[in-house]
Amino acid sequence: MKKKGTSVKKLVEQCVQGMERMHYQSTSIAEFKRQCRLFSEYLAKIGADEVFTEEVGAKYLKDRFDFPYEYVGTLPGSIRSAVCCVRRLGEMRLYGTITRTRQTKADFTWAAKDMDIINTYVESVQARDTSEATKKLRIHHIKLFYDFLCYRNIKSISKVTPQVLSDYAASLQGGSLIYSKHRLATLRYYLRFLFTNGLCKLDLSYAVPKVKNPQHSNVPTLWTEDEIRALLKSIDRGSPAGKRDYAVILMVVQLGIRIADIAGLQLENLKWERKEIEFSQHKTGKRIVHPMLNELGWAVIDYLRNGRPTTEVSNVFVTFNAPYTPLKSQSIGAIFARQKRRCGIVKKGGTTSGMHSLRHALARSLLEQEVPLPVLSEIMGHTTVQSSAPYLKVDIEGMRDCALSLEEVRNYG
């Protein structure tokens with residue numbers, strides 16, 4: 001049963017208090033208040049009571065911005081702020097709290113009574129044979145759960161009930177299914193860890209809801225050769241930034257290198273004498289060697305000679321604003337989004353078509369060239385052949401070639 005509408009004024013006050021406790025920047029809080037004022041003005045204009053429901057929030061976004069139908073890809077800042085405002089009000093109305101998915105420099109206080117068991121869990125995670133990025137993410141997921149408990153005024157994991165876990169899972173709705181699945185899986189492992197190690201009397205892991213997400217449902221939109229050609233052609237290679245951006249995107253198009261590895265690539269990883277690129281992958285820690293293909297090699301040389309600022313930073317790709325710093329993964333994603341808009345490429349709404357999708361385009365091309373799956377797995381830098389399985393989903397023609405006719409099935413054996 002849906003809850004009745006709640007006073008917008010009351011929800012705004014509660015949200016602001018929550019944002020202040022979560023150490024949101026003052027500018028973010030001010031923008032939230034501004035968006036709430038615009039929402040209240042809209043309610044007054046249409047003669048509606050100043051109460052919030054999900055239906056009236058959706059109508060507001062539709063009437064003012066034609067959201068979500070008009071927009072594909074990254075939303076403009078003003079629209080994104082309005083959407084966040086409506087979602088935050090809805091989150092507070094339904095669950096009595098707001099959640100935050102990004103870490104901040106301010107180290108938010110975890111539940112003090114559980115610090116000993118949290119530290120024990122953190123030590124166990126750090127001792128596991130997984131990548132540093134995975135360890136950091138799992139610890140962050142548990143921290144987000146404790147943030148949720150704190151705003152519910154729950155002081156310890158011993159006070160958690162199945163209903164609290166259900167409410168926490170419900171608070172994740174509207175986000176990525178895969179991300180929600182990972183957060184709940186981490187929580188499930190944490191609760192099981194506490195019980196098996198005698199740190200919690202009850203095994204609450206069974207009560208954590210599961211997210212049903214079809215396997216490999218996030219296979220990104222594929223790119224045609226014409227689209228990739230148009231994307232590369234749209235880059236202004238006469239400017240220093242263009243020389244860098246061309247080399248960056250070419251690394252994904254030709255070699256399928258992940259953006260985190262491109263961001264972390266060091267000058268010493270460029271083995272010019274062997275015409276190779278050699279580095280340890282950020283995600284898996286696996287050492288990988290790629291050939292320095294001619295077009296990519298000349299693009300990197302052009303950037304190093306005529307585009308890269310003079311700096312002591314050892315990363316290959318750096319910013320163009322002093323002080324020169326290594327290019328971050330987010331910046332590489334922004335470069336790609338900018339070039340995609342510039343050449344007019346628009347993908348269907350609701351599909352994944354970020355920079356990582358170029359890796360899938362390369363995988364499809366290799367499959368079409370009948371590259372064996374074990375070889376494809378090695379090229380893509382996977383630790384197991386099973387990790388390459390999603391790419392089989394996109395090779396429709398290859399799958400048709402493998403299909404047996406009904407007559408063949410009847411005659412089998």
Side-chain angles (χ1 to χ4, degrees), residues 1-102 104 108 144-145 147-154 160-177 179-180 183-184 209 211 349-350:
M1 181 181 295
K2 292 185 178 180
K3 295 182 179 180
K4 296 181 180 180
T6 307
S7 164
V8 172
K9 181 179 179 181
K10 180 179 179 180
L11 289 176
V12 171
E13 291 176 352
Q14 292 173 339
C15 286
V16 169
Q17 291 173 1
M19 293 172 73
E20 289 174 344
R21 286 196 300 268
M22 297 176 79
H23 304 286
Y24 273 75
Q25 294 183 353
S26 58
T27 52
S28 298
I29 296 177
E31 175 60 18
F32 172 72
K33 290 180 177 179
R34 188 180 77 85
Q35 291 295 338
C36 289
R37 285 196 296 272
L38 294 175
F39 178 57
S40 296
E41 291 172 3
Y42 166 81
L43 294 178
K45 183 177 180 180
I46 64 174
D49 295 332
E50 195 168 336
V51 296
F52 181 86
T53 64
E54 281 61 42
E55 291 74 18
V56 75
K59 186 177 187 304
Y60 167 65
L61 295 176
K62 177 63 179 176
D63 290 349
R64 185 179 175 194
F65 302 110
D66 195 21
F67 176 84
Y69 306 106
E70 182 179 342
Y71 300 95
V72 177
T74 304
L75 294 174
S78 59
I79 301 174
R80 187 165 59 250
S81 295
V83 172
C84 288
C85 169
V86 170
R87 288 177 177 171
R88 191 162 288 145
L89 291 173
E91 198 173 46
M92 179 60 71
R93 187 182 78 86
L94 289 174
Y95 315 118
T97 186
I98 58 175
T99 60
R100 185 173 193 161
T101 57
R102 293 183 179 180
T104 60
F108 191 79
L144 290 175
F145 174 65
D147 285 350
F148 177 84
L149 295 184
C150 183
Y151 307 134
R152 284 295 186 87
N153 200 31
I154 298 174
V160 171
T161 64
Q163 183 60 52
V164 171
L165 296 175
S166 178
D167 290 347
Y168 175 66
S171 72
L172 303 180
Q173 71 174 7
S176 163
L177 281 177
Y179 185 60
S180 298
R183 283 180 63 173
L184 293 175
V211 175

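In plain terms, the two heavy atoms of Val164 and Phe148 that are nearest each other are O-CE2, 3.9 Å. Scanning both residues, Met92 and Cys15, for their nearest heavy atoms gives CB-SG, 3.6 Å. Nearest heavy atom pair, residue Pro209 against residue Leu184, reads O-CD1, 3.5 Å. Nearest heavy-atom pair, Ile29 versus Glu20, reported as atom, atom and distance to 0.1 Å: CD1-CG, 3.7 Å.
The structure places CG of Leu38 at 5.0 Å from OH of Tyr60, a figure rounded to the nearest 0.5 Å. Note that CZ of Arg88 is 13.0 Å distant from CG of Leu11, once rounded to the nearest 0.5 Å. To the nearest 0.5 Å, atom CZ of residue Arg87 and atom CD of residue Glu54 are 12.0 Å apart. For the atom pair Cys85 SG and Lys33 NZ, the distance stands at 12.5 Å (nearest 0.5 Å).
Proximity of Leu43 to Phe52: side-chain heavy atoms (C-beta onward) are nowhere separated by under 4.5 Å. Taking the side chain as every heavy atom from C-beta outward, Leu165 and Phe145 approach each other to under 4.5 Å. Within the 4.5 Å cutoff, the side chain of Phe39 has no heavy atoms near those of the Arg64 side chain. Side-chain contact between Phe32 and Cys36 is present, with at least one heavy-atom pair separated by less than 4.5 Å.
Taking 4.0 Å as the cut-off between side-chain N and carboxylate O, Glu31 and Arg34 count as a salt-bridged pair.
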TODO: In sequence, state the C-alpha distance, the side-chain angles, and the governing distance for Val83 and Phe65, and then conclude on side chain to side chain contact (heavy atoms under 4.5 Å, CB included).
DONE: CA-CA 10 Å; Val83 172; Phe65 302 110; 6.0 Å; no
